[in-house]
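Inspection log for the structure reproduced underneath, given as structure tokens.
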2 protein chains.
Amino acid sequence: MKDGMTIGDAAKASGVNAKLIRYYESIGLIPEAGRTASGYRVYSGTDVNVLRFVKRARTLGFGIERIQKLVGLWQDRTRCSSEVKRIALQHIDELEAKIAELQAMRDTLHELADACHGDERPECPILKDLSS
Amino acid sequence: MKDGMTIGDAAKASGVNAKLIRYYESIGLIPEAGRTASGYRVYSGTDVNVLRFVKRARTLGFGIERIQKLVGLWQDRTRCSSEVKRIALQHIDELEAKIAELQAMRDTLHELADACHGDERPECPILKDLSS
DNA sequence: TATGGGGCTTCCAACGATTGGAAGGTCAAG
DNA sequence: CTTGACCTTCCAATCGTTGGAAGCCCCATA
């Protein structure tokens, strides 16, 4: 084997857990790895690059399905950057929506917590709000 | 039955899906409902109030486990509001952390998308970042 | 060469909250 | 009596990740 490595080595090199690598393979996000005679998965430097790409994309919050598209575009020399940008903007929109949702929760809770004395008395605006 | 209603009625009255009501019962978030002779679950106005409390708490992003504590405090006349406030502040902290995480994703993506021409050319800073 | 330990394999399950479907029983109106 | 809307339970899928169990493989050391 030239630069073939085991799944553990690929995990260390890519930062993606070995279990997760198998999972990614099982759902078709990454191609099936080659195998040694005894059944061990074999990975190349190229495979590790793909794994790193996936990890970085996950860090940015992309879902698996979208990462699949991004990997496809990444490996397509004739891609249009507009296609990549479209996916990114779509993801940004979803992030914005989620952020707004969480901020609304936080703001409401903040108001309620501010109004709550937080002492030994049972009187509590937070519970009052929840039961209204 | 005085004000006994079916699970469908309770769902309409509380805004909590019938399936979800059964799920909440199965995990012990709400007590087991009474039953008619033929096995139908029976709900009272009090039960609906609990369901509404749960729904509102879910809307504010509280997890089931914490909602269980909140329901317990709600029904405990000798509670300290400090205990409720502590749970709320803890939840706010988690919301803040999640918001910050999503904002970091959004900001990074925003920069990358800004730098991307988004035309028919394959050159793409977004993919470049992901593969770095 | 035997033995041990660590890494590899597959399969199955759990997380949290929700939703969906299938198969079958019940109720009320027409 | 039939029809349709409701109810019941059980099982499965979602999303991404992690954990465990049982068993095989490989390498180093005694």
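So you know, we letter chains A, B, ... as the sequences are listed, proteins then strands, and number each from 1.
For A:Glu123, the CD atom is loosely surrounded, since the number of other residues' heavy atoms within 6.0 Å does not exceed 12.
Rounding to the nearest 0.5 Å gives a distance of 7.0 Å between CD1 of A:Ile126 and CG of B:Leu89. Between A:Cys116 atom SG and A:Asp129 atom CG the span is 11.5 Å, to the nearest 0.5 Å. Atoms NZ and CD1, on A:Lys98 and B:Ile99 in that order, are 10.5 Å from each other to the nearest 0.5 Å. Between A:His117 atom NE2 and B:Ser82 atom OG the span is 12.5 Å, to the nearest 0.5 Å. One distance of note links NZ of A:Lys69 with CD of A:Gln90; it measures 7.0 Å at 0.5 Å rounding. Taking NZ from A:Lys55 and CG from A:Leu51, the interatomic distance works out to 10.5 Å, rounded to the nearest 0.5 Å.
For the contact set between residues 6-35 of chain A and DNA chain C, defined by any heavy atom under 4.0 Å, the members are A:Thr6, A:Ile7, A:Gly8, A:Arg22, A:Arg35.
Nucleotides of DNA chain D that come within less than 4.0 Å of any heavy atom of chain A span, from the 5' end to the 3' end, D:dG16 to D:dC26.
For B:Glu25 and B:Arg22, the salt-bridge test fails: no basic side-chain N is under 4.0 Å from an acidic carboxylate O.
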With the sugar-phosphate defined as primed atoms, P, OP1 and OP2, and the base as all remaining atoms, what B/S/- string results for nucleotides 24-30 of chain C, 5' to 3', for protein heavy atoms under 4.0 Å? -BBS---

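Between the side chains of B:Asn49 and B:Thr46, not a single donor N or O lies within less than 3.5 Å of an accepting N or O.
The side-chain heavy atoms of A:Leu109 and B:Phe62, taken from C-beta on, include a pair separated by under 4.5 Å.
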